[in-house]
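Naming convention: chains lettered A, B, ... in sequence-line order (proteins, then strands); numbering from 1 in each chain.
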2 protein chains.
Amino acid sequence: MTKDIKLRLKDVSSSNPGNLEAVFSFGNGHFGVRATNPIESNAVEGTLVNGFFEYSLITYGEAAAYYPKRNETIVSLPNLRKIRVFDDGHGEFTHSKLVDMQLDLSNGKLVEEYELSNDKKQTIKMNVTSAIDQREVHFYGIEYAFEAGTYKGDIYIDKSFVLEEAKAEAGDDIDDPRKTRELKSIKREVVATDDLSQTIAISTAESQQRIEITAYGFNNESPLTKKLALVDEPKVGYGFIVGEKNETGDFAKEDFATIKENSASFWHDTWQNGEVSIAGNDELNLALHYNIFQLNQATGRDGKTNIAAKGLTGPGYEGHTFWDTEMYMIPYFIYTNPEIAKKLLVYRYNTLDFARTRARELGVNQGALFAWRSINGEETSAYYPASTAAYHLDGDIAYAIGNYYQATHDMDFLKNYGFEMLLETARFFREFGTWAKRENKTVFEFHTVTGPDEYTAMVDNNYFTNRMAQNNFNLAYKLGLVLMEEDPEGFSKLGASVEELESFKDIAERIYFPFNDEYQINAQDDTFFSKAIWPFDETPKDKYPLLLHYHPLNIYRYQVNKQADTVLADLLFPETIDDDQLRREFDYYEKITTHDSSLSRSIFSALAARMGDMKKAYSYFSDTVRMDLTDLQGNTEDGLHLANLGGSWLSVVQGFAGMQVTSAGELKIIPHLPIEWDGFEFRIVFNGRLLNINIVDGKTTIKLVDGQPMNIIVNNKSYKLEKATLDILSKGE
Amino acid sequence: MTKDIKLRLKDVSSSNPGNLEAVFSFGNGHFGVRATNPIESNAVEGTLVNGFFEYSLITYGEAAAYYPKRNETIVSLPNLRKIRVFDDGHGEFTHSKLVDMQLDLSNGKLVEEYELSNDKKQTIKMNVTSAIDQREVHFYGIEYAFEAGTYKGDIYIDKSFVLEEAKAEAGDDIDDPRKTRELKSIKREVVATDDLSQTIAISTAESQQRIEITAYGFNNESPLTKKLALVDEPKVGYGFIVGEKNETGDFAKEDFATIKENSASFWHDTWQNGEVSIAGNDELNLALHYNIFQLNQATGRDGKTNIAAKGLTGPGYEGHTFWDTEMYMIPYFIYTNPEIAKKLLVYRYNTLDFARTRARELGVNQGALFAWRSINGEETSAYYPASTAAYHLDGDIAYAIGNYYQATHDMDFLKNYGFEMLLETARFFREFGTWAKRENKTVFEFHTVTGPDEYTAMVDNNYFTNRMAQNNFNLAYKLGLVLMEEDPEGFSKLGASVEELESFKDIAERIYFPFNDEYQINAQDDTFFSKAIWPFDETPKDKYPLLLHYHPLNIYRYQVNKQADTVLADLLFPETIDDDQLRREFDYYEKITTHDSSLSRSIFSALAARMGDMKKAYSYFSDTVRMDLTDLQGNTEDGLHLANLGGSWLSVVQGFAGMQVTSAGELKIIPHLPIEWDGFEFRIVFNGRLLNINIVDGKTTIKLVDGQPMNIIVNNKSYKLEKATLDILSKGE
């Protein structure tokens, strides 16, 4: 298991404070704490609580019917790490030099060293140790240890909250759609205070939410303001309780040891089931562990919250959840911690009423259309060509449901949540699509849609969308039959019938897929190839990402991809494409893909690995796995790229290990080892089993760590997996 | 000529005050005065000055690169017609009953009768006569005549300005895109006042414009406040000077007689050259005259101003100019008053720098893209799918330039304005379009565009757009050759060369036109026919216009037209289509057209007439010509539908008379007389001639009123037209 894997300052290429805040941030699914410098604050400092947002009105230059009326923005709460340190002449140590940071990924502990100075240039040392509780998810602890430097006198510390006003007016333009907006309807107030603790409340005027945060000295011994003698090398520690109104009062204050233990035991369990490691490349191994660490930290675990595009590491994208969850992040949880995957899908289930309403607003009288971007499930996107038009989201959710069920056979989920969502999304697609004639065949089509590639909008028959819809219909049919057998009453209650299931099957079989005869590849959409190719040769490097530098109409009229689109469908449905076509398709679309989206490289890496193109697979992986450590997209300070964190796991497990589940429900791997590595190893939870899979040059070793015997297909040959370790030798890898 | 044609209250179906204000409004191209009730004000009262606007910031829910940053809104100025009337007990006559209104279209005089009452229910009569000066376009005059009713005492009048504050904040959402927004950055102040006059100034903070309005008593005998003895049946008259800062001081105050004379002589001349009348149907004859009257009133005549979508009759569409000018309104002026047509095109020329900048913003490095909606030429549209994407505007302007030149051979225009615009629009299309392969042919295509039909957006190869671009290339080529001959230096100065002209010709010949094989008609775009037809049967009547009731994505995924699109191209380019195909095309597109745009019916009328389908031609014409008198679109109160006013002239002259100019430059008519009419007659100015064309059953009579002999083609036979009247007998009309 993961031991002593630590992220240090030297492992992070940008030392811009905003970047470090995000990279070294803590989270436990309920709330997140950016690793702000405790002395010198930054613009995006603070604490984010999953699901805690405020509404603001959306203003349109020209509005139209059924545009979303209000926005949702995650609320930045006060910085818990802030400390004020004074010398004995009332001077303050306002300057700080960061010496080192060290994030222990094995047990979730952050250690920092600072050198502080006052205006007289006198210095002291401050070491900070912090952890977030991963079990009792309302707790965070931080400990400051001081040592004399050139200053040797007493110091005075102040850990009271600083309640600043919001910085700007709501409704300000955001020119970069990946950032967030400021709010002015947030109230911050101190609600209780005594020597040893202080409680503040933050409430929102429009969404009517309230969060309380209590700061307290550990072990009832540290008041919030205190005099310390440096000769003693003093330590002071504070705990924080972050919860909804009245909730904080329900918790017995924890000491720091408990917080650290709860963190360490959580990470032990998490790595136990979800370990993935690379041998022979420490840098990538560290990055991969880091990504999985942060993916876990960001993920809501209560069925009411989800994963924001930036997790709890920054306010970028306003804290909204996108299709990223189902397509890039849920796979990791399905195969390592399916209970969490279930909670994330239950979150979607809880938004079904919003989704039904939205479908009606789009003129579809049956079924549900989930929100493209939202915190609570209400559609908030103000630019429909790259949001509402991305109807594939319904199919993405269905895809995740299908995979979850296949990997768990969780009948409780199917009965109470899963099938209803499959049914409602299939009903949506059935009414949204249309029958048409193509070369004398009757086919089923989808018009005026936007696929994953947001550099192409409002087209007909986006291949990816059609494929996801087909899968949605197939799943509704197949799992509908299962439910009809297992829970006929529940099945009927949903108004479903065998005739309806057969209507889904019938449509699935006749969905149209555009194909380009000239290149013999799947076509991104009906008209994609009639457009000119983007003038890449004339595009300077500083004009990427294109979306910040070119008018949408300029981008849309060219063949240019922001991210994997048709080839993502190839990755998701390996049985739909042969090797030769995959190669042609990869080559064609790769040339026109900018990877301006952080959701792109991981897919290209995984596909290249599947094709055995290890050079490309390794190169894309190397970029994708270190994306936030190298600030590859240039905006990590707004928060980590959560989908890409999950994407790097996909690259390893579904790419290099070639893991898939066959249509017959069997686990299958086709390992491809990059020559740069000695090997790689990962753990998988699948239908109650825990597997450890180790791949080195020429040999794949599979161990059934826990659970009943099962079959596994390795390189197209089936093996029976029992308690003994299975060694499979292979050639040519 | 038009004599004693009057619009009365009974001719207008809606007596809603806002509607009457617009319908009976005055304008002279420079400013407009809504016919507000002088006693009881309404929400949209006031005065509009052509080109007098204020900027406000556009706020986007999600902005992107090169979205317009600021809006332009025509400024509502104080109501000039307001009068306060008091009884001798300080009671005010605050109630008014409109008895009649009568707008004399022959000389531009408005006469109104009111019965006023005070709170004691005592009444007096007030007759109002007003006129706007059509020669000295800064003047407006109004005269009030009072008679005793149940009240017989003295009255006190007050004609001082009432300077109200603006009503709401800028930036408010407009849910109906056809309305306007309120502004808060307008300053209104009294700058001079004495017994006999008062001058106010209205200035804008952002656009830095200023207008002064002076009110004065006629003949230096009516102070702004005055006591009148009703026994004398008193009359008081006031003039208004409306001009830019300092400008009003430059005018000698006019008396009412001069204003009325200038109005009458203008209308005499206008009808002299532009008469069009229908015999045997007084209602439609009146409506047609009314439309032409209002079209003239709205039109800027100085080369710096244009025609707003609502003219100067209301603040709808914020006072912006659209393609409506070139495609629906300029034709009337080209063939009746080409000097005005020239001024309107010079307005476009004066916006070329904005248009060049806009082209660059759209990623096109050569040429110019004119603003879809604007007052001063700067693009202000906040919804690009139905604005910037309507690239056809460039071709529409080119089309108008071509027609103007063909009808005038105005070399001054070609040298100084026309060719440069043709060149810049052709250059735009050349770089904007792309070469592609279709069935082994190399063709030139245009991608991600929106045609006239705003219920279909961002498609490839919109037939109309491609046809307009082709015409644009052809015109640049042909008129480029003319200019090269006439003004080689000016030609070279524009960077033009014979090689460049040939590049235009080459592209024009290879432009791709989508065609539907199944129906054997021109296809609206590459994918139009793969969409399902809008569920018209399930759409209640109160859900029209669709744009106010359905999300754009809902509308866009169906075959449904807001207005004439492909068939408009058929009307504009009669030589591109044979009768059979036209019939098929008309029938197909008619079925899916909602006419939710006021720009639609006139086109369908004209095309039906050309096909000899007189029933449809008459029916569409009947609707189109009375659109504002019947409040057909339900929003005449926001202002008249200017394009439709011009459209009704198109229906008669280009539809019923079948007038066109052949590619050889010859005038051609193919008359079709509706059986409901005894006949119709119109005048045309063409290359220095003035023709009078009279069509009755079986006979077309053409008189060369003025100018040199010329050829004319009637029903495909060529005639030499000399001073004597030409009678042409025909059958079957």
Exercise for the section: Under 4.5 Å, heavy atom to heavy atom: which of residues 382-389 of chain B reach chain A? Give them by number, or say none. Expected result: Ala382(B), Tyr383(B), Tyr384(B), Pro385(B), Thr388(B), Ala389(B)
Handout entry: Per-residue contact mode, Tyr550(A) against chain B (heavy atom under 4.5 angstrom)
Key = backbone
Handout entry: Heavy-atom proximity to chain A below 4.5 Å, by part of Thr380(B)
Key = neither
Practice task
Tell me the residues of residues 440-451 of chain A whose non-hydrogen atoms fall below 4.5 Å from those of chain B, in number order.
Solution key: Glu445(A), His447(A), Thr448(A)
Problem - Closest-packed option against chain B by number of heavy-atom pairs under 4.5 Å, given Ala532(A), Pro552(A), Ala436(A) - result: Pro552(A)
Practice task
Specify the closest pair of heavy atoms between His551(A) and Tyr66(B), including all atoms of both residues, with the distance to one decimal.
Solution key: CD2-O, 3.5 Å
Completion exercise
Heaviest contributor of heavy-atom pairs below 4.5 Å to chain B, chosen from Leu553(A), Asn554(A), Thr434(A), is Leu553(A)
Handout entry: Residue pair Leu548(B) / Ala65(A): nearest heavy atoms and the distance that separates them
Key = O-CB, 3.9 Å
Handout entry: Intermediate values then yes/no, side chain to side chain donor-acceptor pair (under 3.5 Å), Asp526(A) and Thr527(B)
Key = CA-CA 8 Å; Asp526(A) 279 356; Thr527(B) 57; over 6 Å; no
Practice task
Measure Tyr512(A) against the heavy atoms of chain B and call it side chain, backbone, both or neither at under 4.5 Å.
Solution key: neither
Practice task
Not counting sequence neighbours, which residues clear ring-ring contact (aromatic ring centres under 6.0 Å, His included) with Tyr519(B)? List them please.
Solution key: Phe529(B), Tyr588(B)
Completion exercise
Output for pair (Glu62(B) CD, Asn71(A) CG), nearest 0.5 Å, gives 8.5 Å
Exercise for the section: Kindly state each residue pair satisfying side-chain hydrogen bond (donor to acceptor under 3.5 Å, both in side chains) with at least one member in residues 536-546 of chain B, sequence neighbours excluded. Expected result: Trp534(B)-Thr539(B)
Completion exercise
Smallest heavy-atom separation, Ser530(A) atom then Asp460(B) atom, equals OG-OD2, 4.1 Å
